[in-house]
Amino acid sequence: MKTAVLQFPGSNCDIDALKALHHTVDTMAELVWHTTTDLSSYDLIVVPGGFSYGDYLRAGAIARFSPVLKAVQEAAARGRYILGICNGFQILTEAGLLPGALRRNESLQFRCEISQLVVANGHTAFTSEYTENEIINIPIAHGEGNYYVDDETKKALQERGQIVFRYVSEHNPNGSVDGIAGVINERGNVLGMMPHPERAVSKRLGSEDGLRLFASILKSWRGTHVLH
Amino acid sequence: MSYTEPTAGEIKEQRIYRTFGVTDEEFARVTELLGRLPNYVEIGVFSVMWSEHCSYKSSRRVLRRFPTSGPQVLQGPGENAGIVDIGDGQAVVFKIESHNHPTAIEPYQGAATGVGGIIRDIFTMGARPVALLNSLRFGPLDDAHNRYLFSHSVAGIGGYGNCIGIPTVGGEVYFDDSYTHNPLVNAMCVGIIEQAKIARGSASGVGNPVLVVGAKTGRDGIHGATFASAQDPHAKERSAVQVGDPFMEKLLLEACLELIETGKVVGIQDMGAAGLTSSSAEMASRAGSGLTLDVSRVPCRETGMSPYEIMLSESQERMLVVMQKGEEAIAFSIFEKWGLEATVIGQVTDDGMLRIVEGGKVAGEMPVTALVDEAPVLERPSAVPAYLSQLLPAPTSLPDGPSHEDALMHLLAKPTIASKEWVYDQYDSMVRTETFVRPGSDAAIVGVPGTNKALGMVTDGNGRYVYLDPYAGGAWAVAEAARNLVCSGARPLAVTDCLNYGNPEKPEIFYQFERSADGISEACLTFGTPVISGNVSLYNESLGQDIYPTPVIGMIGLMDDAGMITPSSFTNPGHILYVLGDIAAPLQDGLGGSEYLAEFLPEGVLAYKLPHLDLGTEKAVQDACYQLIQQGVVNAAHDVSDGGLLVALAESAIQGNIGVRVEVPQEVRDEALAALLFGESPSRIVIEVASDRSADVERVAQQLGIPCARLGVVTDELRFSVMANGSKVVDMAIGDLRSAWQGAIASWMN
Amino acid sequence: MNVLAKIFVTLKDSVLDPQGKAVTHALHALKYGAVSDVRIGKYMEVTLSANSLDDADRLVRGMCDELLTNPVIEKFTFELMEVSQ
Amino acid sequence: MNVLAKIFVTLKDSVLDPQGKAVTHALHALKYGAVSDVRIGKYMEVTLSANSLDDADRLVRGMCDELLTNPVIEKFTFELMEVSQ
Ligand SMILES: Nc1ncnc2c1ncn2[C@@H]1O[C@H](COP(=O)(O)OP(=O)(O)O)[C@@H](O)[C@H]1O
Ligand SMILES: [Mg+2]
């Protein structure tokens, strides 16, 4: 499995994502600059966290016009895996690859903590190594993670199992509709989530619960590729 | 271009220089050094170079007393930041800096640009910034304006650090009336560098090109450095506040590190206070060279800027770079990749002059030595403040004092003692995924990438202590910083200091400054932690009222094995609790300087003597703790500081979500019990050990000649219970303690 | 011609405005009990050159749709005026 | 009477506007090269009751000075209009 970790001006979790990938699935992973126009050789594209373009105007609003986003669209259309983390999630919603929008946290404050998530759908390409409804600890660190969709879209997401992660109900850190922390597209190959699985890959960092997200992706990819 | 500026004659006749804070004597000296009258640009340049902020004219003599060398020191004070060896060819680079005055008038941007400035100091050395800390002082939270200053400062610190992607891993916050009109925001940055790649702020090599890189120059903050030292608060406001652009700085950081990596950089320095003026003069001074700068080539954000404005602008996110001749193109291409400008504005000369030209015309010409070496050094008068001789021995209890349970609850809910979660949850403390101990413990621990080593880091200081005893208070700050590192498992390495004081022209204030610096010096010698960088902020006064003398110590420690990290929270039921050091010291010291007095006898807290600090004892206690941790004996360690013994025990129990049952190990008169439970005598550490390791504790304590007392046990019952003289004096649910402690600041802020 | 566009972006009515709520509270805590509601949005001043006001209208609408606002949560209005130079 | 105040807050002209700068760049990278400048500020709609428009003017000016803006870096203008109910 070959992985691209995109780098926009202002990305700052790019190296963390790369480290986590090397550490967890030990596959070929590399940084790819935002001006790249061809991602066809990658099986997984990670849109990492950070503050692309300073998060000025709205988080993710400017990055979605980077040249590389067209290549991301194409990769998504070809069924490649795309994982947007935090700012990456914001970029994917701004780009229309995922439904909804991320507003400022209800508290109006940036919030960094280890949050508890419920795996709402354990049958996606990104979550098969979790058990459904399992509670996992994954850090969050964002000021604009307050997920919004209108009621109608929310119902549709629910029915189609597109809500993948929720904050445990008593601990919604940002006011997200329905406690939504991560959603997947209809086809099941594009996941966006506010929490940072790449920060939960060792005991020293306080949690290892992010490991299985990367392991799930590798397993899914293996399932669709003949092994040599 | 057209701008009308006063002529040299008018500057002299109308004494215009006075509006820049230049005295008559200083003006005469400038005239003498130039051999003629200065023009407007020149007097502007002199005024900032000779300002307190840039020249350290009041403090320079005092700072010379600090110990600054040691086998570990690779770079002491004098550069953008100090550097300390951590082995394997690597080094840690760090510095702390104040941004008090801008914060008072625009807290978000003031605090944010403070963070931005200190980060630049680190990456100019070629180091990758890996952590931020901050030290904050505000007036009490029952005042809406204090809440505004506090919340916006915290948001600004987070806003900058979060965006640029450097974790904010620690700090401290105190609330006291003393800071109501003059809040303190000190920011510290820590970086890691390969020793072979250290860059310096030196402009050498005749003919080498000088570049401005990064943001465009605007009219921001002209004379910020001058007005930071003004006495009149309205004058402070006159300097425009800068708006920070952390996104720009992130790009600048990456571009500069990439540029330095090429090995083609001769010298590099950030443009902080006094912008182009101080960066160019200091770089030339370090190299003993001269510079010719064409201000018409400086990229400006606004139109019609005069040489004067360009030289004095404090626009953020800019650097001055000297490249090897002929290698400019490397800078252009790297900066272009990052979407930034890099512009050649001049070159290095050998005539020792800072020459400012505008196109073909010379706008100003000054010897670099006159600007830097000839800057005034003042011998400020110093006088022992009268209050010091009137301090009384501190009481061990209060006549109508609270019950011990009430006292504990109140202290835990005091914003100065309460959990700082409300603050640090607004900071990304985990980005870079090397933060092994996040805010909330005694010291933060950050891994050294690619090794099994880690760095411990803290900031510490207590203005009230320093007020009550400048010498001991200064030493205390160093002792406490070292103690916090040791409790976490790290070995103290070196110090950076931020010296925040009132008006140095008052002899009593100058005394506080001088004496506390002496205390810091002695403690640094004791702990083997030289001062490698620092910053001075004077004139922290408002309406004639000076802040407490508030030196803040930033300290870095090293862990050779990150596996030795020790938490401050209790871990295992059945484990034994010990106090290393003299548990009964407060029976002599009383409640002097304590939060207990501040809470229950506020009008008397400045009337009593500070507890006694003996640096030898302190060092022995720390050595004992460190050795026991290295021997794998200690499961948790937490020092006794603000709030005293019970607060320390409660913090560790709350954070471990575990109970404790302790018994005061000696008979104590009832009237003295408050002091034992809440007194703030130094040199005491609570440790948790497995029951079969008790003998190790007693052996090490004996070897080092320190007292150690067995205090009680950790329990799985979620209660906090304290026995003294055979009866229960405190018996409370951990949950109740937690809600008092955890929610206190939030309850004011939300 | 040179045109100044003043653009007002607000959250859709159906989307909660916590910032507006916080400011309302803060105003009440001062002496502004007379305030019943606050909505907070963005105000942008865009200077551009255009062939006509109609042309400018088309351009500004375009940039609002594409970049300046997110239609999932925001709505906008704008005003145009000719400016000298 | 019920008054709606539309308040426009911008950074002073001499103060750097990093957002505006970033958005200008982004607009240029799209097809909006005609844009020469963008300044980004805040837009607030405050509903309040007042005895007269003069009274409202005084109140709104007061809250802008005291809470809604910081005169060190920002400036503001506002418009008032009577609204029903
Ligand atoms: N301004 C701040 N920023 C980040 N962390 C902070 C801040 N203030 C306090 N903390 C963290 O909260 C914890 C407790 O702080 P403090 O009570 O000052 O500790 P101590 O008394 O041990 O010095 C520490 O881990 C400290 O780093
Ligand atoms: Mg401590």
Side-chain angles (χ1 to χ4, degrees), chain A residues 6-14 32-38 47-74 84 86-88 90-97 101-110 142-144 146, chain D residues 3-49 56 59-79 83:
Chain A
L6 305 186
Q7 266 189 314
F8 299 88
S11 294
N12 64 33
C13 304
D14 43 349
V32 173
W33 190 237
H34 70 116
T35 49
T36 308
T37 50
D38 181 6
V47 193
F51 286 69
S52 57
Y53 296 94
D55 272 4
Y56 294 141
L57 193 63
R58 296 179 311 277
I62 300 181
R64 77 164 261 223
F65 292 106
S66 279
V68 77
L69 251 288
K70 244 183 133 165
V72 173
Q73 304 263 14
E74 287 162 13
C86 199
N87 195 228
Q90 294 161 336
I91 293 171
L92 295 178
T93 58
E94 282 282 343
L97 278 161
L102 292 142
R103 300 166 298 176
R104 253 183 104 175
N105 292 353
E106 204 169 46
S107 65
L108 304 175
Q109 291 169 351
F110 190 95
H142 59 248
E144 298 180 37
N146 179 351
Chain D
V3 178
L4 172 66
K6 297 183 168 184
I7 306 173
F8 316 103
V9 183
T10 48
L11 289 167
K12 285 182 182 172
D13 293 335
S14 61
V15 172
L16 174 72
D17 175 10
Q19 283 211 74
K21 205 175 57 182
V23 171
T24 310
H25 282 304
L27 286 171
H28 288 176
L30 293 173
K31 51 188 178 292
Y32 300 103
V35 169
S36 58
D37 188 45
V38 180
R39 303 282 292 174
I40 298 196
K42 277 181 256 171
Y43 170 59
M44 309 185 205
E45 293 182 343
V46 175
T47 316
L48 72 165
S49 66
L59 281 169
V60 171
R61 198 170 298 280
M63 61 184 83
C64 284
D65 282 335
E66 269 188 87
L67 180 75
L68 301 179
T69 74
N70 183 348
V72 175
I73 48 171
E74 293 169 326
K75 57 185 188 176
F76 64 89
T77 57
F78 59 87
E79 293 165 9
V83 288

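Per chain, numbering begins at 1; letters A, B, ... match sequence-line order. Note that this is a predicted model, so its numbers are computed, not measured.
Proximity to chain D is limited to the side chain of A/I62, based on heavy atoms less than 4.5 angstrom apart. Interface remark: D/A22 contributes backbone and side-chain atoms alike to the contact with chain A (heavy atom separation under 4.5 Å).
Between the OH atom in A/Y56 and the NZ atom in D/K21 there is a gap of 7.5 Å [rounded to 0.5 Å].
Shown here is A/K70, whose NZ atom has no more than 12 heavy atoms of other residues, nucleotides or ligands within 6.0 Å.
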